[in-house]
Amino acid sequence: MTTRVRFAPSPTGYLHIGSARTALFNYLYAKNVGGKFLLRIEDTDLARSTDESTQSILQGLAWLGFAPDEEIIYQSNNADKHRAAALKLLEEGKAYRDFTPKEDIGDKNIKQAIADKARQNQGVKNMRDNEYRDLSKAESDAKAEAGEPFAIRLKVPETGKTVFEDAVYGLLERDYSETEDLVLLRSDASPLYNLSVVCDDIEMEITDVIRGQDHLTNTHKQILIYEALGEKPPKFAHLPLILAPGGKKLSKRIHGEIVSMTTYRDAGFLAAAFRNFLALLGWSAGEEQEIYTLEELIEKFSLDRIHQSNATFNFDANNPKRWTDDKAIWMNAEYIRTMNLQELLPFVKTELKSAKLWRDEYEDDDKIWFEKTVDLIRERFFNLKDFSTQGRAYFSEDFDFDQAAIDKNLKKFPDLQTWLPELAERFAPMEDFTHDAIHETVGKFVEEKGTKFGVIMNGARALLTGLAVGPSMLAVFETLGKEKSILRLKSQIAWNL
RNA sequence: GGUCGAUUCGUCUAGGGGUCUAGGACACCGCCCUUUCACGGCGGCGACACGGGUUCAAAUCCCGUAUCGACUACCA
């Protein structure tokens, strides 16, 4: 039997970082064993599901490169089948109609209300204690025919326990007494989550369910449904959760954009880098290597090397430099400066295009220059955005000057206001404007003026790039070329800032 | 409250009774390189939650405690 796994998000928001990691693990596992990776949109919560969310999730998955191997399943399309399954269980006496009026838990603080209720019921309420559980079929049918509203609940056996072997957590048990007679069908006849999941997983012939450990108790409930339905449950693997700093739940509401995949795409992350980072959150190959290609991840992935403890996604909302996890930022930078240049180029092109800095010559007459320049400046970049911000001076005459660079490297040495234009004059007659020749010219100039190499170079850097940091100035002169170097050395704009 | 799960440097992690004076990565700090630096090189700081067992030997096994998390819905 071929392995079939599924990623089953509910479209109530953008693709969450934890969901993305679940999708990644499902994907890696499927590919590792030569199985299929499927996608199911769990849009049964009509009130919260939106088409916009679905699109956002699909985009996020596409960005990460996880294409489903079969057509996408929309759970809401299967409601009839789920309903039929519940009715079948009712017919077989494995479920019963509950005529208890629907309870209205207040809309806010639902979690709290549920916990409070559970506390109150503690010790006084038996999970099997429902006056309609053992109603005779005739009575139940009569009430239903009379039009009394009812929900259908699963008849969980009085004694026993659910047991399953989790690929990550090992043998897990839960006594039936801890599990309520869960509702399968609402009084409006719409199916509930656990029923829908089980029915769809059966229909999709899912062999391995890999999901967050927040589903651990659901798994016990779902096994009960599998058993009632006379089906064999799939294998389960529960993943540790990704938490916010302080060990709190990482939530969309509290932590905002940081949990959304689109944020990373828009911030100039390479999907490959982020994927790599995600893979190492809760899993490791048990070796010191940390940078992996997708192929390597697929090859090395295994469920038994997934952790059992939750991971903290570290960031500091108040510090722009650490707006997201340090290691993710580092990994993206690592990818940018070490990946194959030809693979990086298309991303740089896209970035420059969106910043209106792109010129078609970069792929034609100026191809060699462009590649050399990208290769030069990527050394110190952290994300794709840097090519159009920090790197702007390499692609446009219209760039900003960093005030600190001006003050520290230019204005602090007033002589530079005449020296730099003078240096430009020395450049003018040069025929060979390359590294060594420039070095020689600047060297002589420095000697003449009785100053230091650094003073000239740092001042020139401020003028030519607007920044205090960057690659070797000799390389900058060379890549910018004689004309631009002269023009910018002579420019007085920065002196007036 | 109950059930279940987890607990190694600030963070991600290696570790599965002796090789652990606990290894790596990120971050941080210092030095070097250098015309600058966010590159690179070298080094430093820094952890087995606590208490009991078991054992010749425990980060590793067992039991308690603490802490954290999930779940506890006619949400998904």
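Each chain gets a letter, A, B and so on, in the order the sequences are listed, and its residues count up from 1. These numbers come from a predicted model, not from an experiment.
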Return yes if the base of [N] and the side-chain atoms of [X] contain a donor-acceptor N/O pair under 3.5 Å, otherwise no.
X	N	result
Thr217(A)	U72(B)	no
Asn218(A)	A76(B)	yes
Arg48(A)	C75(B)	yes

So [X], base contact, sugar-phosphate only, or nothing? Heavy-atom distance under 4.0 Å.
X	value
Leu216(A)	nothing
Gly282(A)	sugar-phosphate
Ser196(A)	nothing
Gly470(A)	base
Glu287(A)	nothing
Thr44(A)	sugar-phosphate
Ser187(A)	base
Pro471(A)	base
Ala311(A)	sugar-phosphate

In whole Å, measure the gap between the [atom1] atoms of [N] and [M] for me.
N	M	atom1	answer
C31(B)	A38(B)	P	12 Å
U7(B)	A49(B)	P	9 Å
G5(B)	A25(B)	C1'	27 Å
A27(B)	C42(B)	P	15 Å
G10(B)	C4(B)	P	31 Å

Between the side chains of [Y] and [X], is the shortest nitrogen-to-carboxylate-oxygen separation below 4.0 Å, so that they form an ion pair?
X	Y	result
Glu422(A)	Lys449(A)	yes
Glu203(A)	Arg40(A)	no
Asp181(A)	Lys155(A)	no
Glu178(A)	Lys161(A)	no

Are [X] and [Y] in a cation-pi setup, meaning NZ or CZ lies under 6.0 angstrom from the ring centre and within 45 degrees of the ring axis?
X	Y	value
Arg21(A)	Phe25(A)	yes
Lys143(A)	Phe99(A)	yes
Arg97(A)	Phe150(A)	yes

Just the rounded figure in Å: distance from [atom2] of [N] to [atom1] of [X].
X	N	atom1	atom2	answer
His238(A)	G69(B)	NE2	C1'	15 Å
Asp45(A)	A73(B)	CG	P	17 Å
Ile242(A)	C68(B)	CD1	P	21 Å
His220(A)	C4(B)	NE2	C1'	8 Å
Asn314(A)	U11(B)	CG	C1'	5 Å

When you compare the protein's N or O atoms with those of nucleotides 6-8 of chain B, which come within less than 3.5 Å of each other, and at what distance?
residue: A6(B); atom: OP1; partner: Gln308(A); partner atom: OE1; Å: 3.2

Among [options], which nucleotide has an atom closest to any side-chain atom of [X]?
X	options	value
Arg305(A)	U3(B), U35(B), G15(B)	G15(B)
Glu180(A)	U36(B), U35(B), A73(B)	A73(B)
Arg337(A)	A76(B), G40(B), C74(B)	G40(B)
Glu42(A)	A76(B), A70(B), G40(B)	A76(B)
Arg461(A)	U3(B), U35(B), C71(B)	U35(B)

Short heteroatom pairs, N/O only, protein and nucleotides 59-62 of chain B, under 3.5 Å:
none

Output yes when at least one side-chain N/O atom of Thr312(A) is less than 4.0 Å from OP1 or OP2 of C12(B), else no. yes

Give a yes/no on whether any side-chain N or O of Lys248(A) is located under 4.0 angstrom from OP1 or OP2 of C68(B). no

Base-pairing mate for [N] - Watson-Crick or G-U, with both contacts under 3.5 Å:
N	value
G2(B)	C71(B)
U65(B)	A49(B)
U34(B)	none
A58(B)	none
A22(B)	none

Value rounded to 0.5 Å, distance of OG in Ser190(A) from CZ in Arg83(A): 7.5 Å

Okay, side chain of [X], backbone of [Y]: is any donor-acceptor separation there less than 3.5 Å?
X	Y	answer
Asp98(A)	Arg133(A)	no
Thr441(A)	Ala437(A)	yes
His439(A)	His435(A)	no

Atom CD of residue position Glu440(A) - does it have more than 12 heavy atoms of other residues, nucleotides or ligands inside 6.0 Å? no

Of Arg6(A), Arg211(A), Lys235(A), the residue whose pairing with Asp201(A) passes salt bridge (charged side-chain N to carboxylate O under 4.0 Å, His left out): Arg6(A)

Is it true that Tyr96(A) and Tyr132(A) have ring centroids separated by less than 6.0 Å? no

Within the 6.0 Å centroid threshold, strictly below: Phe413(A) and Trp495(A): no

Once base and sugar-phosphate atoms are separated, protein heavy atoms under 4.0 Å mark nucleotides 16-28 of chain B, 5' to 3', with B, S and - as -------SBBSSS

